Amino acid sequence: MKDAATASANTAEDRENNFLKIAIQEAYKAVERGDGSPFGAVIVRNDEIVASCHNMVGRNTDPSAHAEISAIREACRKLNQIKLAECEIYASCEPCPMCLCTIHFANIKKLVYGAKAEAAVAVGFDNIIADALKDTDFYQKLNLEIKMAEGSVAVMAKQVFENTKDKFPFY
C-alpha cells in the first residue's frame, strides 16, 4: 500500500503529465495546420487551462510568436492582467531564451517542459536555444520553479520533432 506522500507525488506528476500532453498535442497542431514549428504550450491557473497555444511564427509572420509567448499573450488577455503569478506553464520543449525571459517577466511561478532543447537541435533547429543558457547560472537567478518531465511524457515530447521533421519548413 502506498503512503500518502507517494500517492500525492504521483497525483501531482499525473496532473503535470496531463497538461504536458496537451502542450504536445498543440505542438503537432502547429505543423498540421502549417502555422509554425512543432512547439506547444499550456498555461494553467488553479488546475484550469487558461490558454493552450502552439507556435504561430509562420501563420503570423512574427518571429516572436513562439508557443510560450502566444500562450502568455492569450492568458494575459483572458485574465486582463500582465502578471501571471498564480499560473504555471507547460511547454512541449525547453523554452528558448526569449520565451524564458517572457515567462520570467510574466511572473509565472512554475515551468514544466517535456523535451530538452537538444531534441529540436537534433532535427535541424538552431543550437542557439540549447547553447544560450548552457553552463550559465541563469536558471538559478529566476524566481521560478523549473522542472523537466520524466518518463513516457518526456519521450512523447521528444518524439514530436522526429515525427514532424519532414513536415515543417525552417524559417
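This one's a predicted model, so the numbers in the text were calculated from it and none came from an experiment. Counting from 1, the numbers follow the sequence of the chain as shown. Atoms considered below: every heavy atom in the structure, side chains included; atoms not considered: hydrogens, waters and symmetry mates.
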S.K.: Please check if atom CD in E150 has more than 12 non-hydrogen atoms from other residues, nucleotides or ligands closer than 6.0 Å.
M.R.: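 Atom CD in E150 is not crowded, with 12 or fewer foreign heavy atoms closer than 6.0 Å.
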S.K.: So do the side chains of L100 and T102 get within less than 4.5 Å of each other, counting heavy atoms only?
M.R.: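 The answer is no; the side chains never approach within 4.5 Å.
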S.K.: If a pair satisfies side-chain hydrogen bond (donor to acceptor under 3.5 Å, both in side chains) and one of its residues is in residues 154-163, list it, with sequence neighbours excluded.
M.R.: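 Qualifying pairs: Y28-N163, E162-K165.
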S.K.: Are K29 and E32 within salt-bridge range, i.e. N to O under 4.0 Å?
M.R.: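 So K29 does not pair with E32 through a salt bridge.
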S.K.: Does N107 form a side chain to side chain contact (heavy atoms under 4.5 Å, CB included) with L84? I'd like the steps, not just the answer.
M.R.: CA-CA 6 Å; N107 283 15; L84 302 174; over 6 Å; no
S.K.: Just so I know, are the side chains of R59 and R33 near enough to count as touching, which here means a heavy-atom distance under 4.5 Å?
M.R.: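 Contact flag for R59/R33 side chains = no.
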S.K.: Report yes if the side chains of L20 and S92 come closer than 4.5 Å at any heavy-atom pair, otherwise no.
M.R.: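 The answer is no; the side chains never approach within 4.5 Å.
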S.K.: Quick one: are K116 and M148 in side-chain contact, heavy atoms under 4.5 Å?
M.R.: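 They are in contact (side-chain heavy atoms under 4.5 Å apart), so the answer is yes.
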S.K.: Any link between Y113 and V155 through a network of hydrophobic side chains (Ile, Leu, Val, Met, Phe, Trp, Tyr) touching at under 4.5 Å?
M.R.: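 Not linked; separate clusters.
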S.K.: Can you name the side chain to side chain donor-acceptor pair (under 3.5 Å) partners of D47, sequence neighbours left out?
M.R.: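 D47: side chain to side chain donor-acceptor pair (under 3.5 Å) contacts with R15.
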S.K.: Just one of E88, K110, K21 clears the side chain to side chain contact (heavy atoms under 4.5 Å, CB included) bar with E16, so which one?
M.R.: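 Exactly one candidate clears the test, K110.
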S.K.: Where the side chain of D35 meets the backbone of A30, is there a donor-acceptor pair that is under 3.5 Å apart?
M.R.: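 No; judged by distance alone, with no hydrogens or angles, the pair does not exist.
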S.K.: Begin with the C-alpha distance, continue with both residues' side-chain angles, and end with the deciding distance and a verdict on side chain to side chain contact (heavy atoms under 4.5 Å, CB included) for F105 and I82.
M.R.: CA-CA 9 Å; F105 290 135; I82 59 170; over 6 Å; no
S.K.: Counting N and O atoms only, with roles assigned by atom type, does the side chain of D62 sit under 3.5 Å from a partner on the main chain of S64, one being a donor and the other an acceptor?
M.R.: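 Yes; at least one donor-acceptor contact below 3.5 Å.
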S.K.: Flag the pair I103 / I69 as yes when at least one side-chain heavy-atom distance between them is below 4.5 Å, and no otherwise.
M.R.: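 They are not in side-chain contact.
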S.K.: Distance from T61 atom OG1 to M56 atom CE, nearest 0.5 Å?
M.R.: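 Spacing of OG1 (T61) from CE (M56) equals 10.5 Å.
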S.K.: Using a 4.5 Å cut-off on heavy atoms from C-beta on, say whether the side chain of P95 contacts that of L111.
M.R.: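 Yes, side chains in contact.
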S.K.: Give the C-alpha distance, both sets of side-chain angles, the deciding distance and a yes or no for side chain to side chain contact (heavy atoms under 4.5 Å, CB included) between M98 and H66.
M.R.: CA-CA 9 Å; M98 176 181 68; H66 290 195; 3.5 Å; yes
S.K.: Walk me through whether V160 and I24 qualify under side chain to side chain contact (heavy atoms under 4.5 Å, CB included).
M.R.: CA-CA 7 Å; V160 170; I24 292 165; 3.6 Å; yes
